[in-house]
Structures are given as C-alpha cells and as structure tokens.
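Here is the naming used below: chain letters follow the sequence lines, and residue numbers restart at 1 for every chain.
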Amino acid sequence: MRLYNTLKRKKQEFVPQTPGKVNMYVCGITAYDLCHIGHARSSVVFDVLFRYLKHKGFDVTFIRNFTDIDDKIIKRAGEVGKEAAEIAEQFIGEFYVDMDRLAIERPTVEPKCTAHIPEMLKLTQELIDKGHAYATPSGDVYFKVRSFDGYGKLSGRNIDELESGARIEPGEEKQDPLDFALWKGAKPGEPSWESPWGRGRPGWHLECSAMSEKYAPLPLDIHGGGQDLSFPHHENEIAQSEAATGKPFANFWVHNGFVQINSEKMSKSLGNFFTIRDILAKFLPETLRYFLLTMHYRSPLDFSFDALEEAEKGLRRIYAALAQVETELAKENWKKSPFPAELDAELDAAVASFAEAMEDDLNTAGALGHVFTAVRLAGRVCEDKNLRKSEGGRDFFLRIRDAFKQWGAILGIFEHAPAAFLTELRDSRAARAGIDPATVESLIAARQEARKNKDFARSDAIRDELLALHVDVKDTPQGATWDVAG
RNA sequence: GGCGACAUAGCCAAGUGGUAAGGCAGAGGUCUGCAAAACCUCCAUUCUCCGGUUCAAAUCCGGAUGUCGCCUCCA
C-alpha cells in the first residue's frame, strides 16, 4: 500500500523492515481530562490503519502510550486535591470507556510513562555520555539540539530560524534556547523519582523514545500522531533516539489532520470544544465513527452537528440495505432463473475499488463511495421480484453480506445486526427530536385500526398528526413501522 | 516574520497528466388506498483567478487572491 510519509512529504510504497511484520508507534493521550473529538479522530484513523495492516496479513505490533505524568496532570491534581497518579488513572479509565464505545481495538502494547523511568534514565545517560545532553546544577537535564545534525528534518524547519523565535524562560539553565528538557529536577510537592542528577521527573518527549525502543526494534516502520505533534514533539523524539542509537528512528511518519469547528481549530478558549461524551449524548458511536471516515485522514475535518446528521442519514441508508438483504436471505424456495452477470461484475468492481482506495494512503472517503455502489446493487436486486427470489439473487445477497463483513472489519463499522441497529438509530433520532415513542406507537395503533376499517380519512388524519410530530409512518406487509422524518 | 496545508456542484466530499466517484439536499417517474422507504432518470462542458509546460491538466510549473494550521501545552 501507499502511505503519505511526512518525513519525505510524499506518498511512498509502504514496506516494513521485516517482511510480514509491522511495528507501529502512535502517541497516546496525556491523561488529565476527557477526550475530545480530535482524540476520537486520531484514534479512529490509527485504529483503521491497525485493522487494515492486519487485514493485509501483517503481524502488527501496535504501541500506544499513556502519558501519566506531566505538568497538566499535576496542575489538574492540584486543582481537585488529588494525587497526580489518581488523576492519570481516572482519565485512563474514562479514555477506555470512550474508545470502547467507538470500537477502537486495543493496541498490542500500552505502556505508561511512569512504568518506564529506568529506561528513560538509561537513555538520558546515554545522551549525556555521547555529548548530546547535559545536566544543570539544579538537576535538570537538557538535550543539546545543536549537537544533532538532522534537527528539523521532519517539520522542515531551519535551526537558525527556530533560534530566533526561541528564548530561555526565567529559571531555566539552558545553554541554548533551542534545548529541551529530558529530565526535570523535582519541585516541592510534585511527584519525583530518583536519578543520577537528583530527584525529578521525565520530560514529555523522552517517554516516546524510550518506550518505542523498548517494545520495537528501531527503526519503527510507522510512527503516528496528530499533525500538531510533528513539531516539536516528534522532532525531539527523532533527535533523542537517533542521537542515542545512531539508527534512524522511524521510516514512515503518519500524521492525521485536525478537527475544526467552523473552519477553526477547536480549543477550550474559543468555546468551540466538544468531548466525545458531548457527541455520544446525542448520536450513536458508529455515526461518529462513520462521519470521521467520510473524510481523508490528512484533511482538516470541519465538525458540526448538521454534518453529523447528514452522515447519519448515509449510514442509515447503508444499514437499511443490509437489513433488506437479511430479510431476503431469511426466505426460502429459491427459484432457478437467470441472473444478470453485469450485476456480479459491478459488485466485483466495487470490491476491487474499495481495496484500491484503501491501498492508496488509506482513502476511507473514497472507499465509502464504493460501499454505496454495493448499497445500490442490493436495492436493485431487492426491487426485482424475479431476481430477489432466484438462486442467483440469493448468492448475490450472500456476496454482498460477505463484502460488508470484510469492509466492516477494516473500518470498524457495519458490524451490528442491521434491524437492531436501525431501531437503535431511530430511537436516538427520536430522542434528539424530543419524540415520545409511546405516543407514536399509540397513534400508529389507532391508525392501523382505522385502516383495517378502510376509514382512510381518519387514517390520513392520524398520518398528518404524526407528521406534525416529525414522524414518518411506513406501511409494510408486516405492519407499520416509523422513523423520524427528514 | 518563518515553515506548511488547502481552495472541486446548494452543502459535504473523492479524485496527482487522459477528459469530473460518492453522500446529503432538490426535480421528475415507478411502487403505494395515501404516504414513507427503495428503485429508475436528472442535477459541475467544469474544478478560486491569471499565465505557462503538454497532443492532453482539477491534476505539473510560476504568479495572484482567499482560508486554515504549526512556529508555546495540544490529537
């Protein structure tokens, strides 16, 4: 497959170091608050990459860390009067709740920063020994950026231009404004660990270098994260790891684009900030996941509830087709009658196109376009009395079901029982619209009674009444069903 | 100021040299007691603008305009 490599600024054929095996490291969360939609996007993107690589038959080691000691965690702990470790544990728990709802598979390894202090001390010592880092009198250790030639190669920055913007904060003992902390000397009341330079705690960038090296042989095949992490975080990881080991750190750098609100970055200060919980209070998790996949992973993605609602309609149409296929497959007495070969050919083409889209830099948006080809094909066969009752039709339905099973496993959607999902989706929509299902059911019962008596005036009057509640009634041979209108 | 990304129909969006996927919305039709859903048909001679390269460009190059991101913690 082809993947866009930030390091080379172009798509490249992805080839792992060891045939058949892939090592992938993705920067995880800092556990100090609930996750927002941006975390959801990043998680979904790399979950799909993980699933797709496995689908292709690779033995994937997926490492995703937890930053469980950090300024923000300490700050939060201070605010609520808890220990930093308690805060980290709490929000790691909340993280899993969100991830599970979004059907994010667990990575192979999920190392925590605080469980790898010895590895970080070792790496820091190596960097000091090789002249790439220095300790200060107050017990900080800094990485000497100018000692590493490749600095800036990932983010395309020039070290002298960076220099002009950088400055030394009061209290810092850096030799150069560009230098960054590997180890921070302990401050009173903060969590700290013993080190050769006195008690302290690791700097943020250090953990990813130390833990990736521990769980995968360098170079990593893939290193991923949000676009904003490329500088300085990923740049610093490269500097640390390559300066210490002399080996390249990662072959492919994959960065997902940002979630925006009204074309602007979301941030707490702008007040345009949504947590995953905020969304899932109104929409099903699969709707959010589907929505996130309707755009290419590197593009900025504009979030709005209107856009989510639009995505929801698309997802509903897909599931409606799957439900119809299930209904037909539950029937028996298949007839021997001719089945048009061009329908099979179109389905073949859709399956092939889906695969091509995924091969081309994980183009889930393009791939979903081909999913709708299968949806239309299913509808066409269901429409035709002869086709849907034929043996060829049955085989076609089975093929469609298989295709969706495979696509669903890759994308992490389409995996619910269709009829049950549609009911759940309808109830979710009804709840948003403030529709009381019991009221609807009783009106429908009254309407059925009227229809039974051929009292169509009354039947239509009730339909109008339901429509005023934003409810559409659908009469089927099995009785009346309903959905939220629009 | 430096670095970078993006600009495709009413809206969202895929598409990196060969003559514009898909979704949502909309119009007409089939079906239906009426509807809804589904299906069929239609809906960008054109890809922000101006130049250039080429037999051929939304796709490559140069310029303009606009939007956004990074350069400080951030997915």
Side-chain angles (χ1 to χ4, degrees), chain A residues 6 9-11 26-30 32-33 35-46 70-72 75 152 155-158 160-162 164-167 169 204 224-233 235 255-260 262-268 290-291 294-296 298-302 304 306-307 309-318 320-321 323-324 350 353 357 360 363-373 375-384 451 454-457 459-460 463-464 466-467 471-476 480-483 485-486:
Chain A
T6 309
R9 287 164 212 290
K10 63 181 179 192
K11 286 186 205 173
V26 175
C27 295
I29 59 157
T30 297
Y32 77 105
D33 205 347
C35 289
H36 55 246
I37 325 173
H39 294 110
R41 184 179 197 192
S42 181
S43 305
V44 168
V45 164
F46 289 105
D70 171 87
D71 292 341
K72 291 192 292 292
K75 180 164 176 275
S155 50
R157 278 158 222 268
N158 175 304
D160 293 314
E161 284 163 355
L162 285 168
S164 65
R167 61 197 175 110
E169 297 294 326
W204 175 44
Q227 216 147 51
D228 57 327
L229 258 32
S230 64
F231 186 88
H233 183 55
E235 201 70 71
H255 291 102
N256 66 276
F258 262 55
V259 175
Q260 307 181 326
N262 296 323
S263 300
E264 286 188 332
K265 180 170 175 173
M266 53 171 207
S267 75
K268 288 182 180 177
Y290 173 83
F291 170 72
T294 58
M295 269 133 310
H296 186 88
R298 282 189 284 116
S299 310
L301 178 161
D302 223 24
S304 71
D306 284 347
E309 210 153 329
E310 196 180 284
E312 184 181 62
K313 287 178 190 170
L315 184 62
R316 179 177 60 174
R317 186 170 155 210
I318 293 168
Q324 190 61 244
S353 299
D360 185 14
N363 187 353
T364 56
L368 283 169
H370 301 112
V371 166
F372 277 95
T373 302
V375 168
R376 285 192 305 278
L377 286 170
R380 270 162 69 186
V381 176
C382 287
E383 279 299 300
D384 189 303
R451 289 183 75 224
K454 300 258 191 272
D455 184 355
F456 293 121
S459 165
D460 288 349
R463 177 184 288 288
D464 288 343
L466 284 163
L467 210 50
V471 171
D472 274 331
V473 188
K474 177 185 177 186
D475 296 317
T476 72
T481 62
W482 63 279
D483 201 346

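Residues passing the salt bridge (charged side-chain N to carboxylate O under 4.0 Å, His left out) test with Asp384(A), sequence neighbours excluded: none. Remark: His233(A) pairs with Trp204(A), His205(A) by the ring-ring contact (aromatic ring centres under 6.0 Å, His included) rule, at least two apart or across chains. Evaluation of the salt bridge (charged side-chain N to carboxylate O under 4.0 Å, His left out) rule for Asp160(A) yields Arg146(A) as partners, not counting sequence neighbours. His255(A) meets the ring-ring contact (aromatic ring centres under 6.0 Å, His included) test with His234(A); sequence neighbours excluded.
Contact check, Asn158(A) against C3(B): no side-chain N or O comes under 4.0 Å of OP1 or OP2.
Between A20(B) and A57(B), the distance separating the two P atoms is 12 Å to the nearest Å. Here the separation of C70(B) from A75(B), taken at their P atoms, is 12 Å to the nearest Å. Atom name P, nucleotides A58(B) and G17(B): the rounded distance is 13 Å, in whole Å. Between G23(B) and A14(B), the two C1' atoms lie 11 Å apart (nearest whole Å). Taking atom C1' in both U53(B) and C42(B), one finds a spacing of 38 Å when rounded to whole Å. Rounded to whole Å, the C1' atom of A7(B) lies 16 Å from the corresponding atom of U16(B). With both ends at atom C1', the span from U59(B) to U8(B) equals 11 Å, rounded to whole Å. Rounded to whole Å, the separation between the C1' atoms of A13(B) and C49(B) comes to 23 Å.
Between the CZ atom of Arg463(A) and the P atom of G33(B) there is a distance of 12 Å, given to the nearest Å.
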(message) For a quick check, with a 4.0 angstrom heavy-atom cut-off, what is the B/S/- contact string for nucleotides 67-75 of chain B, read 5' to 3'?
(response) -SSBS-SBB
(message) Treating primed atoms plus P, OP1 and OP2 as sugar-phosphate and everything else as base, which nucleotides of nucleotides 20-30 of chain B get B, S or - for protein heavy atoms under 4.0 Å?
(response) -BSBSS-----
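Of the possible donor and acceptor atoms, one in the side chain of Glu235(A) sits under 3.5 Å from a partner among the backbone N and O of Ser155(A). Put simply, the side chain of Thr294(A) gets close to the backbone of Phe291(A): a donor and an acceptor are under 3.5 Å apart. Arg451(A) contributes no side-chain N or O that, together with a main-chain N or O of Ser459(A), makes up a donor-acceptor pair within less than 3.5 Å.
Ser155(A) comes within 4.0 angstrom of the backbone, heavy atoms only, and of no base. Contact annotation for Asn363(A): backbone-only contact, meaning every heavy-atom pair under 4.0 Å involves sugar-phosphate atoms and none involves a base.
The residue from Arg316(A), Lys313(A), Lys474(A) that alone fulfils the salt bridge (charged side-chain N to carboxylate O under 4.0 Å, His left out) condition with Asp483(A) is Arg316(A).
Considering only heavy atoms from C-beta on, Tyr32(A) stays 4.5 Å or farther from Lys75(A) through its side chain.
Relative to the side chain of Lys11(A), the nucleotides G33(B), A14(B), U16(B) differ in distance, and U16(B) lies closest.
Residue Arg9(A) places no side-chain atom within donor-acceptor reach of the base of G4(B), judged by atom type and a 3.5 Å distance cut-off alone. No hydrogens or angles were tested; on distance alone, nothing pairs the side chain of Asp306(A) with the base of C12(B) as donor and acceptor under 3.5 Å.
Where Arg380(A) and Thr294(A) meet RNA chain B, the nucleotide closest to each residue was compared, and Thr294(A) sits on the side nearer the 5' end.
Contact check on Lys72(A) versus Asp33(A) returns no salt bridge, with no Lys/Arg side-chain nitrogen under 4.0 Å from an Asp/Glu carboxylate oxygen.
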